[in-house]
Asks: 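Okay, here's the structure, questions in a sec.
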Amino acid sequence: MTLRLAITAGEPAGIGPDLCVQLAQQPQSAQLIVIADPQLLEERARQLDLPLTIRLFDTSVAPQAADAGELWVEPVYLAHAAEAGKLDSANSAYVLETLRVAAQGCLDQRWAGIVTAPVHKGIINDAGVAFSGHTEYFRDYAGVEEVVMMLATRELRVALVTTHLPLRDVADAITPDRLTRVTRILHHDLQEFFGLAQPRILVAGLNPHAGENGHLGDEEIRIIEPTLELLRQEGMNLVGPLPADTLYTPKHLANADATLAMYHDQGLPVLKYHGFGRAANITLGLPFIRTSVDHGTALDLAGTGKADGGSLQTAIEVAIDMASRRRGQTPTEPSPT
Ligand SMILES: NC(=O)c1ccc[n+]([C@@H]2O[C@H](COP(=O)([O-])OP(=O)(O)OC[C@H]3O[C@@H](n4cnc5c(N)ncnc54)[C@H](O)[C@@H]3O)[C@@H](O)[C@H]2O)c1
Ligand SMILES: N[C@H](C(=O)O)[C@H](O)COP(=O)(O)O
C-alpha cells in the first residue's frame with residue numbers, strides 16, 4: 001500500500017514553501033501531504049515560475065502519490081499574506097498549527113510520519129511563544145520524557161545528548177540520567193529503524209581532550225565514564241568518552257555505526273561540513289516517525305529558485321525507510337542513513 005507522509009512547509013517567509021513546490025515537480029513514491037496554506041504554495045509556485053496544481057487531502061480516499069506538478073495539501077491558513085524573505089510574527093501561530101496538525105495526524109494514524117521543512121525559532125519566540133525547536137515541540141506534544149536529535153548522511157550519523165540550549169547550560173545538562181536515557185534511545189532506534197543488531201556507538205567527552213584526566217574538567221570522570229560502564233553492562237557497544245576533536249577521524253569512524261556528541265555545535269558542524277544538503281535530521285524516541293531537513297529557513301534564498309531540495313528529498317527517503325522497517329519490511333535500497 002502507498003505510504004502516506006505529512007510534510008510541514010515551515011516558516012512561510014523561508015524556503016520551505018519553495019522546497020514543497022520544487023518537490024511537486026517530480027513524481028514521488030509516497031503520498032506526500034503538505035500541511036500549509038494552499039494560497040501560499042500557489043503564490044510561491046508563480047514566483048518560481050513552476051507549475052502547481054493543489055489537490056485537497058481527503059482521508060476517505062485511499063493513499064495515492066500525486067502526479068508530477070501536483071501536491072496534496074491539508075490546509076492551514078496564514079494570518080497575513082507571506083512575503084518571501086520577510087519574517088512576520090503574526091504568522092507564528094500558523095507555523096505552530098501546522099506542527100500540531102502534523103503531530104496529531106500521526107497520533108490519529110492519518111499518516112505514517114512527518115517530514116518538516118525549516119521553521120524560524122526566533123520569530124516564534126518574538127511572537128511570545130517559548131519555542132526551541134521541532135524536536136522539543138514534538139517531544140512535548142507526544143508527552144515523552146526524552147527524545148534524541150540525530151543528523152545523518154549515508155556515511156555518518158551524529159546524535160546529540162543536548163539540543164537547543166545555551167552553551168553556558170550544557171555542562172549542567174550532562175547528567176547520568178539524561179545520558180542514560182539518550183543512549184538507550186539511540187541504541188534502541190538504531191536497532192529498530194536502521195537494521196543494526198549491535199550498534200557500535202562512539203561517545204565524545206565534554207571537555208577538551210576528554211578532560212585530560214580531570215585537569216580540564218571532570219564530567220568525564222564523574223558522569224560520562226561511569227554511566228557508559230553501567231550501559232555496557234546492559235549489552236551496549238559503547239566506545240569512549242573519546243576526545244571530540246579526533247573522534248571524527250577515519251580511524252575511529254571506520255567501525256562505528258553512530259557517534260554521540262555532548263552538544264549541538266560539537267557534533268553538527270562536523271556533520272554539516274561533511275554532508276550539508278544531503279543529510280536528514282531524525283528525531284528518535286518519539287511514538288511516531290519524524291525527519292527533517294539539515295538546514296534552516298535561508299531567508300536570503302526564499303522565492304529565488306536557488307534553494308537546494310536535496311536534504312528534503314533525503315529526509316523523505318529516510319522517513320519512508322523507517323516506516324517500512326516499522327511495518328516489518330526491509331527497504332529495497334540501502335538507507336541513506
Ligand atoms: N529544521 C529546522 O527547522 C531548522 C534547521 C536549522 C536552522 N533552523 C532555523 O533557521 C533559521 C536560520 O538559520 P541559519 O541562518 O543559521 O541557517 P540556514 O540553514 O537557514 O542558512 C545557512 C546558510 O545556508 C544556506 N542554505 C540553507 N539552506 C539551503 C538550501 N536548501 N539550499 C541552498 N543553500 C541553503 C543559506 O542561504 C545560508 O547561507 C534559524 O531560525 C534557525 O533556528 C531551522
Ligand atoms: N539543530 C537543527 C540543525 O541545526 O539542523 C535544527 O535547529 C533543527 O532542529 P529541530 O528539528 O529541532 O527544529
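Residue indices begin at 1 and follow the sequence shown. Read the numbers this way: they start at 1 and go in the same order the structure lists the ligands and their atoms.
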Asks: Less than 6.0 angstrom from the centroid, inside 45 degrees of the normal: does Arg55 satisfy that with respect to the ring of Trp72?
Replies: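 Output yes; distance and angle both within limits.
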
Asks: Taking distance alone, with no angle check, do Ile15 and ligand 1 share an N/O pair under 3.5 Å?
Replies: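 The answer is no, given that Ile15 and ligand 1 share no N or O pair closer than 3.5 Å.
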
Asks: Hey, is Leu268 touching ligand 2 through its side chain, its backbone, both or neither, going by heavy atoms under 4.0 Å?
Replies: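 Side chain only; the backbone of Leu268 stays clear of ligand 2.
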
Asks: Would Arg157 pass as a cation-pi partner of Phe194, given that its NZ or CZ must be under 6.0 Å from the six-membered ring centre and within 45 degrees of the axis?
Replies: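 Cation-pi check for Arg157 and Phe194: passes.
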
Asks: Just jot down the ligand 1 atoms closer than 4.0 angstrom to any heavy atom of His120, in number order.
Replies: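 Those of ligand 1 that fall under 4.0 Å from His120 are 11 (C), 41 (O).
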
Asks: State if Asn281 counts as touching ligand 1 under the rule of any non-hydrogen atom under 4.0 Å.
Replies: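 False for this residue.
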
Asks: Looking only at protein heavy atoms, identify the closest one to atom 13 (O) of ligand 1 and say how far it is in Å.
Replies: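 Nearest neighbour among protein heavy atoms for atom 13 (O) of ligand 1, to 0.1 Å: Gly296 CA, 4.4 Å.
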
Asks: Please list, in number order, the atoms of ligand 1 under 4.0 Å from a heavy atom of Ala307.
Replies: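 Within the 4.0 Å cut-off of Ala307, ligand 1 contributes 32 (N).
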
Asks: I'd like to check atom 8 (N) of ligand 1 in this structure: does the protein have a heavy atom lying under 4.0 Å from it?
Replies: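 Yes, there is one.
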
Asks: Specify side chain, backbone, both or neither for Glu11, according to which of its non-hydrogen atoms lie closer than 4.0 Å to ligand 1.
Replies: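 Neither; no heavy atom under 4.0 Å.
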
Asks: Could you name the option among Leu301, Asp308, Leu312 that has the heavy atom nearest to atom 31 (N) of ligand 1?
Replies: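 Residue with the shortest heavy-atom distance to the ligand atom: Asp308.
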
Asks: I need the atoms of ligand 1 closer than 4.0 Å to a non-hydrogen atom of Ala298, numbered in the order shown.
Replies: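 It comes down to these atoms of ligand 1: 20 (O), 26 (N), 27 (C), 28 (N), 36 (C), 37 (O).
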
Asks: Counting heavy atoms only, which part of Met149 comes closer than 4.0 Å to ligand 2: side chain, backbone, both or neither?
Replies: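 The part of Met149 near ligand 2 is the side chain, not the backbone.
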
Asks: Report the C-alpha separation of Leu216 and His209 in whole Å, then their side-chain angles, then the decisive distance to 0.1 Å, and conclude whether the side-chain contact (heavy atoms from CB on, under 4.5 Å) test is met.
Replies: CA-CA 8 Å; Leu216 282 177; His209 310 297; 4.1 Å; yes

Asks: Taking non-hydrogen atoms only, is Pro118 closer than 4.0 angstrom to ligand 1 via side chain, backbone, both or neither?
Replies: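 Within the 4.0 Å criterion, Pro118 contacts ligand 1 through backbone and side-chain atoms alike.
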
Asks: Under 4.0 Å from ligand 2, counting heavy atoms only, is it the side chain of Arg139, its backbone, both or neither?
Replies: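 Under 4.0 Å from ligand 2, Arg139 contributes no heavy atoms.
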
Asks: How close does the nearest protein non-hydrogen atom get to atom 3 (C) of ligand 2, and which residue and atom is it?
Replies: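 For this ligand atom, the closest protein heavy atom is Lys272 NZ, 3.2 Å.
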
Asks: If the cut-off is 4.0 Å to any non-hydrogen atom of Lys121, which atoms of ligand 1 fall inside it?
Replies: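 Heavy-atom distances to Lys121 below 4.0 Å select 4 (C), 8 (N), 9 (C), 41 (O), 42 (C), 43 (O), 44 (C).
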
